[in-house]
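Whatever order the structure lists ligands and atoms in, that order sets their numbers, starting from 1.
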Amino acid sequence: MEPANRQGVAQAIRGALLTPDPFAKVMAARALARDWRAGKLVSAFDVTMPDRPARPDRPELLRPAQMPRRRKGGSMQTRIALWHALAHIEFVAIDLALDMAGRFGGEMGADFVADFLAVAADEAMHFAILDRKLRVMGSHYGALPAHDGLWEAAEETRHDVAARLAVVPMVLEARGLDVTPATLERVRASGDERGARILTRILDDEIRHVAIGTRHFIDACERRGKVPQDFWKTLVKTHFRGTLKAPFNDSARLSAGLSRDFYEAIAC
Ligand SMILES: [Fe+2]
Ligand SMILES: [Fe+2]
């Protein structure tokens, strides 16, 4: 018989989403992945996910148009702005992965939950590494304003796991694969070897995240009798407001299972 005090996984995920403190959220995401793997959580999806996860008072969130322009120079201020922007993306990525597991885990099954809780734990590590990097530079997460709007994609796709997978891992995280190599080169050229190592590690993990998203998207298509490439295009056109911009990191995308026949026809 199961002990009565084992917590339901969706309940635990909801708790992590509603944790505002960044470090408490990091610890909660890592504990969730560990506890799910160890069979310490009941597979119960009887609670709903919050519309918006909890976040700390700082950073102040600004609309994209209000964000100060990021320059590419090598001053300490510019470098801090880069690492702060990356830390914010990773912070939101923790919640995106948690919401994926908690909202759609019931219909998608145990492997899906394990995969996205592992992604949440990776994002938590990425965030922690970037915050530590900021602290070494005399700053910290929350010291600068950050981009509001990263949660928009989650809101827009909260009704459908296929739409969520099409937009979050397969458009937004895949975009990370396209832009990270240039950032990495710039960081390396500035002599910041430690920074370059951090970005290399993140890039490797993100290839895996895109692969997980693509695999579960293809599964979802098979269950619905859809052709993945065609269905993906329809979903992206309907639910993603931005544009898919070249140049693409085709080799990283391909190693994540995202071949050109997905994105070629709608790229500009
Ligand atoms: Fe990440
Ligand atoms: Fe990721």
Inset, instruction - Return each pair, listed once, that meets salt bridge (charged side-chain N to carboxylate O under 4.0 Å, His left out) where at least one residue sits in residues 100-113; pairs must be two or more places apart or across chains. - result: Asp99-Arg103
Inset, instruction - Test side chain to side chain contact (heavy atoms under 4.5 Å, CB included) on Glu90 and Ile129 and set out the steps. - result: CA-CA 10 Å; Glu90 298 293 351; Ile129 292 169; over 6 Å; no
Inset, instruction - Would you check if the Fe ion (ligand 1) lies under 2.8 Å from any N, O or S atom of Glu90? - result: yes
Inset, instruction - Restricting to N/O/S, name the atom of His209 that gets closest to the Fe ion (ligand 2). - result: ND1
Inset, instruction - Could you confirm whether Glu173 has any N/O/S atom lying under 2.8 Å from the Fe ion (ligand 2)? - result: yes
Legend entry - Atom of Glu206 closest to the Fe ion (ligand 1), considering N, O or S atoms: OE2
Legend entry - N/O/S atom name from Glu123 that is nearest to the position of the Fe ion (ligand 1): OE1
Inset, instruction - Name all pairs fulfilling the ring pair (Phe, Tyr, Trp, His ring centres under 6.0 Å) condition that reach into residues 152-171, sequence neighbours left out, sorted by first residue then second. - result: His159-His239
Inset, instruction - Could you tell me how the ring of Tyr141 sits relative to the ring of Phe127: parallel (under 30°), tilted (30 to 60°) or perpendicular (over 60°)? - result: perpendicular
Inset, instruction - Please confirm whether Phe104 and Phe112 have ring centers closer than 6.0 angstrom. - result: no
Legend entry - N/O/S atom name from His126 that is nearest to the position of the Fe ion (ligand 1): ND1
